[in-house]
Novice: 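Sending over a structure as structure tokens; questions will come in a sec.
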Amino acid sequence: MSRHDLLIDGQLQPAATYDDVFDPASGDAVGQAARASQEQVRQAVAAAARALPAWSGAPEARRLSLAAAATRVREHVAALAELVTREQGRPLQATRQEIAGVAATLDHYAALEVPAETTLQDDDERRVRIVRRPLGVVAAITPWNVPLILLVLKLAPALHAGNTVVAKPSEHTPLSTLLLAGLLRDLFPAGVLNVVAGDGAVGEYLARQPAVRHITFTGSVATGKRLYAGAADDLKRLTLELGGNDAALVLEDADVEAIAEPLFWGAFWNSGQVCFAIKRLYVHASLFEPLLAALVARAERTHLGHGLDPRSELGPLSNRQQLERVEALVDDARRHGARIHSGGRRLDGPGHFYPPTLVSGIGAGVALVDEEQFGPVLPVIPFDDVEDAIAQANASPYGLGASVWTRDTARGEAIAARLESGLAWVNQHLHIQPGAPKGGHKWSGLGYEGGQRGYDAFSELQVLNIARR
Ligand code: ADP
């Protein structure tokens, strides 16, 4: 079984303790991840701080390193994708897409030219420059659902902007991040990129280090709030990409046959373990029965299996806690009178398999509708009046994504613009536009990732004002 070490100050470092990581499809151990001690976290942060002056002064070298990282990732797509599949569960064709996205993101930032400064005034009286400066050491704390792309969406702009990074992957999926760190090790000067692994306590310890000036986090709302509170003492900057409870609204003129498949994948890609998956489906009453039937038929013919089996369309849930959460929410919905049309219970045998589950007969007030279930379960809720559906979609503390499905795209756009979410789609869900900022409204996040706004979060500005007389 493979052991994966930490990356600290340009060296792979063993740890005193290793944690087994299990394949969620079989229960077999996949490998062991070094668990960073507090001393190792401090060493990683100190190395990142030491590496900062040279790295922040070398913009061209930064872009060359990012370009070399993209090439290195492309050379190792197969190994990276297989390891994500083994530790996270998602089928191989989807993890290969993830790794392709990692390489594309690195390429994007390698090619990105951002002016280091602008001149506001330059005359006999004064010269005023607005200069972009890196923040310093960035802590990147990531979740288990799409581990490598969510990491690289943080790493690449943070490094491009001249910061150095200490990353902390989820304890459920640390191996792929540690493998990536080992592959990229020689492409960055020592200390520029460090990876420490371990549980939430390691993440918390990292986030509290005085030299950490920015925390970029993707994960649960509860942990995000905790990090926000913990950062206050030291006024650390924060970017939070948190959960969602996305609504999709199907209007009366939608084409049921055409939309069933994209709606299905909008809800069930990665077994629903996506922060901006469809988690509530509001359907005009006239289409409720046919659309539900089409989704049930699609769910029933879905091939569930090990992610390394090419026939598998969906893998298992990524960890036992997630499986138990989904089970508890579906049981609770049953107690509230829900009808379960497909799935509804875990599969026997090893592995955390839970089939795509369609539920009706419940609405607001039931946890499966009100909370983020983050699993392969979709409550389908009829409406008569679209105003009522808009109100229900917006009656949520979350505001990550939302979509409208209709043949009338102009009307769809007008309704989408009224939804309280950072991402609003018409006739699609999940699509992430390269170059666009992605961020949640309300409890779904703080700040943006990607685009100019996302990039700007990794710099601060200095106004240099030179009096000339
Ligand atoms: P989940 O419950 O889905 O695992 P979390 O938000 O707990 O989501 O986890 C996302 C990431 O945050 C993981 O890397 C996890 O180890 C880390 N984490 C958990 N608790 C804390 C914390 N208190 N401070 C910093 N990081 C944490």
Side-chain angles (χ1 to χ4, degrees), residues 4 6 17 19 21-22 24 33-36 38 40-41 44-45 84 87-90 137-155 165-178 180-181 194-209 212 214-234 236-245 270-277 279 317-326 328-329 352 371-376 398 400 440 443-446 449:
H4 295 257
L6 310 171
T17 316
D19 294 309
V21 176
F22 295 98
R35 190 196 307 167
Q38 292 195 343
Q40 286 174 312
V41 172
V45 172
V84 176
E87 68 175 350
Q88 192 268 332
R90 188 163 13 107
V137 178
V138 171
I141 301 176
T142 50
W144 46 262
N145 58 333
V146 202
L148 291 185
I149 189 69
L150 295 178
L151 171 72
V152 171
L153 288 170
K154 301 176 185 310
L155 276 189
V165 173
V166 181
K168 209 294 285 172
S170 167
E171 57 273 39
H172 297 299
T173 56
L175 301 178
S176 50
T177 298
L178 292 169
L180 181 68
N194 306 272
V195 177
V196 294
D199 61 7
V202 174
E204 184 149 5
Y205 190 71
L206 168 63
R208 285 188 177 271
Q209 293 304 302
V212 167
H214 185 100
I215 301 162
T216 171
F217 170 79
T218 300
S220 64
V221 172
T223 302
K225 288 181 178 177
R226 218 174 138 148
L227 282 166
Y228 197 16
D233 262 357
D234 200 21
K236 294 186 200 301
R237 277 59 174 154
L238 239 87
T239 307
L240 303 176
E241 291 285 323
L242 307 179
N245 192 12
N270 200 18
S271 298
Q273 302 168 116
V274 188
C275 44
F276 47 89
K279 304 204 175 77
L317 297 193
S318 285
N319 53 70
R320 190 171 42 77
Q321 292 91 317
Q322 193 49 38
L323 177 68
E324 286 170 358
R325 174 164 172 74
V326 167
L329 284 167
H352 306 319
E371 293 178 18
E372 177 184 35
Q373 95 278 30
F374 215 69
Y398 297 98
L400 192 50
W443 281 7
S444 290
L446 192 71
E449 215 160 57

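Counting starts at 1 for both ligands and their atoms, in listed order. FYI, side chains are in, hydrogens and waters are out, and symmetry mates aren't considered; it's all heavy atoms of this structure.
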Novice: Does E87 pair with R90 as a salt bridge, N-O distance under 4.0 Å?
Specialist: no
Novice: Got the closest protein heavy atom to atom 18 (N) of ligand 1, with its distance?
Specialist: G200 CA, 3.5 Å
Novice: Which pairs would a plain distance check flag for residues 144-153, meaning a side-chain donor or acceptor within less than 3.5 Å of a matching protein atom at least two apart in sequence or in another chain?
Specialist:
{"from": "N145", "atom 1": "ND2", "to": "Q273", "atom 2": "O", "distance (Å)": "3.0"}

Novice: Given side chains that start at C-beta, do those of T216 and V138 come closer than 4.5 Å, heavy atoms only?
Specialist: yes
Novice: According to side-chain hydrogen bond (donor to acceptor under 3.5 Å, both in side chains), does anything in residues 219-228 pair up with another residue at least two apart or in another chain? List the pairs.
Specialist: E204-R226, S220-T223
Novice: Does F217 have a non-hydrogen atom less than 4.0 Å from ligand 1?
Specialist: yes
Novice: Taking N or O atoms only and a 3.5 Å limit, does T223 qualify as a polar contact for ligand 1?
Specialist: yes
Novice: How far is atom 4 (O) of ligand 1 from its nearest protein heavy atom, and which residue and atom is that?
Specialist: W144 NE1, 3.2 Å
Novice: Do S220 and ligand 1 have an N or O pair less than 3.5 Å apart?
Specialist: yes
Novice: Measuring from non-hydrogen atoms of P169 to any atom of ligand 1, is the shortest distance under 4.0 Å?
Specialist: yes
Novice: Just need the protein heavy atom nearest to atom 23 (N) of ligand 1, so name the residue and atom and give the distance.
Specialist: E204 OE1, 3.0 Å
Novice: Quick one about T218 and K154 (side-chain donor to acceptor, distance below 3.5 Å, no hydrogens or angles considered), yes or no?
Specialist: yes
Novice: Any side-chain heavy atom of V21 sitting closer than 4.5 Å to one from P174?
Specialist: yes
Novice: What residue and atom, counting heavy atoms only, is the protein's closest point to atom 14 (O) of ligand 1, and at what distance?
Specialist: T142 O, 2.7 Å
Novice: Protein heavy atoms near atom 7 (O) of ligand 1, is at least one of them under 4.0 angstrom away?
Specialist: yes
